[in-house]
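Beneath this line is the structure, given in structure tokens, with notes to follow.
Note that the coordinates shown come from a computational prediction; the quantities given were computed from them, not determined experimentally. In what follows, every heavy atom counts, from backbone to side chain, and hydrogens, waters and symmetry copies are set aside. Every chain is numbered from 1, with letters handed out A, B, ... down the list of sequences.
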Number of protein chains: 2
Amino acid sequence: MTVMTTDLIMHGSAGTRVAAELRDAILAGTYPPGTRIRQEDVAGRHGASRVPAREALRLLESEGLVKVVANTGAWVTSLNLAECEEIYQIRERLEPLLLRLNVPLLTPEQVDGLDALAHEMERSDDVETFLHLDREFHLSCYTEATTTMLHDTVLRLWNRTQPYRRAYTTVFRSAGDRSAHHEHHLIVSALRRGDADEAERVLASHIRRTRLELARHPEIFDAPAAQPTRADAR
Amino acid sequence: MTVMTTDLIMHGSAGTRVAAELRDAILAGTYPPGTRIRQEDVAGRHGASRVPAREALRLLESEGLVKVVANTGAWVTSLNLAECEEIYQIRERLEPLLLRLNVPLLTPEQVDGLDALAHEMERSDDVETFLHLDREFHLSCYTEATTTMLHDTVLRLWNRTQPYRRAYTTVFRSAGDRSAHHEHHLIVSALRRGDADEAERVLASHIRRTRLELARHPEIFDAPAAQPTRADAR
DNA sequence: TGACGCTCGATTGGATCCATTGTGCGTCAT
DNA sequence: ATGACGCACAATGGATCCAATCGAGCGTCA
């Protein structure tokens with residue numbers, strides 16, 4: 001075995017690549033929270049042995065996407081409402097800072113792009129494209145600052161709540177959309193004027209409002225989704 | 001080889017244990033920033049093979065304590081002034097939140113303990129005990145809240161700047177001590193009164209002042225400490 | 001004499017094999 | 001029939017071995 005086609009120059013170890021692919025799969029919803037992940041499956045699916053597979057699982061665990069129990073196995077992380085709110089509270093403090101650092105660096109063209117994204121979001125009615133555009137909008141606000149650690153931290157927080165944003169959007173799609181769209185345009189406006197304080201304020205209340213709205217629908221977190229202790233992985 | 005004395009029940013994989021020991025060593029200053037870390041050394045020193053050693057290095061990398069370059073090696077992370085200030089900016093936003101969540105949960109006895117720590121710090125003149133007490137003081141403020149992710153994030157930030165707090169304290173020990181002690185007592189006072197807003201304010205300005213003071217001494221970061229590309233690990 | 005290129009050594013990355021552990025099922029006794 | 005005990009299987013953890021890669025030092029040539 002081990003065909004090793006080498007069809008692509010591999011930059012970085014295989015564990016990193018496997019982790020990236022697995023991360024994408026989890027974020028895409030292929031593995032919902034609570035899903036058991038077996039090392040051998042990961043290895044087989046991504047063309048590697050169990051060593052880099054295990055490496056990838058440990059990596060994703062440190063990002064909070066996976067929970068590894070010693071000598072037992074790995075599961076996609078499940079969050080309860082309290083943990084989800086915690087993440088939103090952290091975001092409420094961190095993202096305004098990150099946005100502030102980006103304000104003086106964003107070009108007018110980039111702000112135009114954000115405006116376009118905000119409008120495109122209003123027109124979208126598909127859940128997946130909405131999720132994608134929302135993520136794209138917010139993360140595009142953060143591309144210019146060179147603060148790597150802050151950026152990474154925020155990215156991890158987004159990733160950890162991704163399944164729950166999907167669940168929420170799927171069920172209560174139209175609920176807070178009006179406010180969200182309004183706030184996005186307020187952010188664009190503040191960015192255009194270079195008003196960092198206003199941008200911070202709007203973003204903070206945007207995240208806060210989302211958190212409160214989420215808290216109003218705890219039923220999303222009810223189903224622990226049948227945790228097979230040692231059984232299948234789908 | 002592989003004596004496997006099993007003198008202690010091991011909870012969790014060896015990689016986790018090795019990572020913990022290595023982390024302690026880095027925080028203790030045994031491996032200063034820029035030090036090369038070879039897998040085989042780690043394995044030998046901690047009684048394991050290179051597999052868990054590598055696992056430990058990847059773990060510490062995800063915590064930001066170590067930088068792993070593919071097919072090349074691992075080094076203890078070096079920060080420049082900008083990166084250090086970034087961490088302090090993040091802490092300035094996160095720790096007040098974490099403190100606020102703890103305010104209603106801290107018992108009067110715990111606040112007394114904090115007060116004792118603050119006083120003990122004033123009397124200490126040894127760098128290492130000062131560092132230890134300072135860390136102890138701040139982290140003891142955060143023990144009660146059940147917000148695991150926030151707590152972990154803050155802990156990682158502390159760990160990443162540890163070598164630079166040590167360097168700063170070693171060189172400019174007496175500089176900002178007066179202000180720091182004053183602020184610690186203000187925090188204790190706010191905690192005693194259960195005044196979350198005031199506690200937040202004081203802590204934020206405490207961290208901010210520390211950051212500004214650090215920025216006034218960029219010479220700490222000057223020495224990249226001779227990065228041996230493939231040489232010794234001491 | 002300096003710059004380029006090549007080879008060799010050292011070190012990391014990965015695959016396979018073996019040990020360990022936890023789970024589930026079957027059996028037996030009550 | 002039900003509970004507890006024990007055995008067998010399956011999945012993880014770790015060690016060793018082999019391959020791949022990078023760096024350094026040396027030699028050659030301009």
Subject >> Closest contact, heavy atoms only, B:P96 versus B:R91 >> reply: CD-O, 3.5 Å
Original post:
Looking only at side-chain N and O atoms, does A:R36 come under 4.0 Å of OP1 or OP2 in D:dT12?
Top reply: yes
Subject >> Nearest-neighbour nucleotide for the B:R38 side chain, C:dT11, C:dG14, D:dG13 considered >> reply: C:dT11
Original post:
Any donor and acceptor pair, going by atom type alone, linking the side chain of A:Y164 with main-chain N or O of A:L79 inside 3.5 Å?
Top reply: yes
Original post:
Between D:dT12 atom P and A:N71 atom CG, what is the distance in whole Å?
Top reply: 10 Å
**OP:** Please list residues of residues 48-56 of chain A whose heavy atoms come under 4.0 Å from any atom in DNA chain D, ordered by number; otherwise none.
**Re:** A:R50, A:R54
**OP:** Mind calculating the distance between CD (B:Q39) and P (C:dA10) to the nearest angstrom?
**Re:** 17 Å
Subject >> Value in whole Å for how far the P atom of D:dA11 lies from CD1 of A:I37 >> reply: 15 Å
Subject >> d(CZ, B:R58; P, C:dT12) in whole Å >> reply: 12 Å
**OP:** Provide, to the nearest angstrom, the distance between the CH2 atom belonging to A:W75 and the C1' atom belonging to C:dG22.
**Re:** 10 Å
Subject >> B:L203 backbone acceptor or donor facing B:E95 side chain under 3.5 Å >> reply: no
**OP:** Write down the atom of A:Q39, the atom of A:A53, and the distance for their closest heavy-atom approach.
**Re:** O-CB, 3.6 Å
Subject >> Pair A:E63 + A:R156: basic N to acidic O under 4.0 Å >> reply: no
**OP:** Please state how far atom CD in B:E40 lies from atom P in C:dG13, giving the value in whole angstrom units.
**Re:** 13 Å
**OP:** Taking the side chain as every heavy atom from C-beta outward, state whether A:L150 and A:L101 have any pair of such atoms under 4.5 Å apart.
**Re:** yes
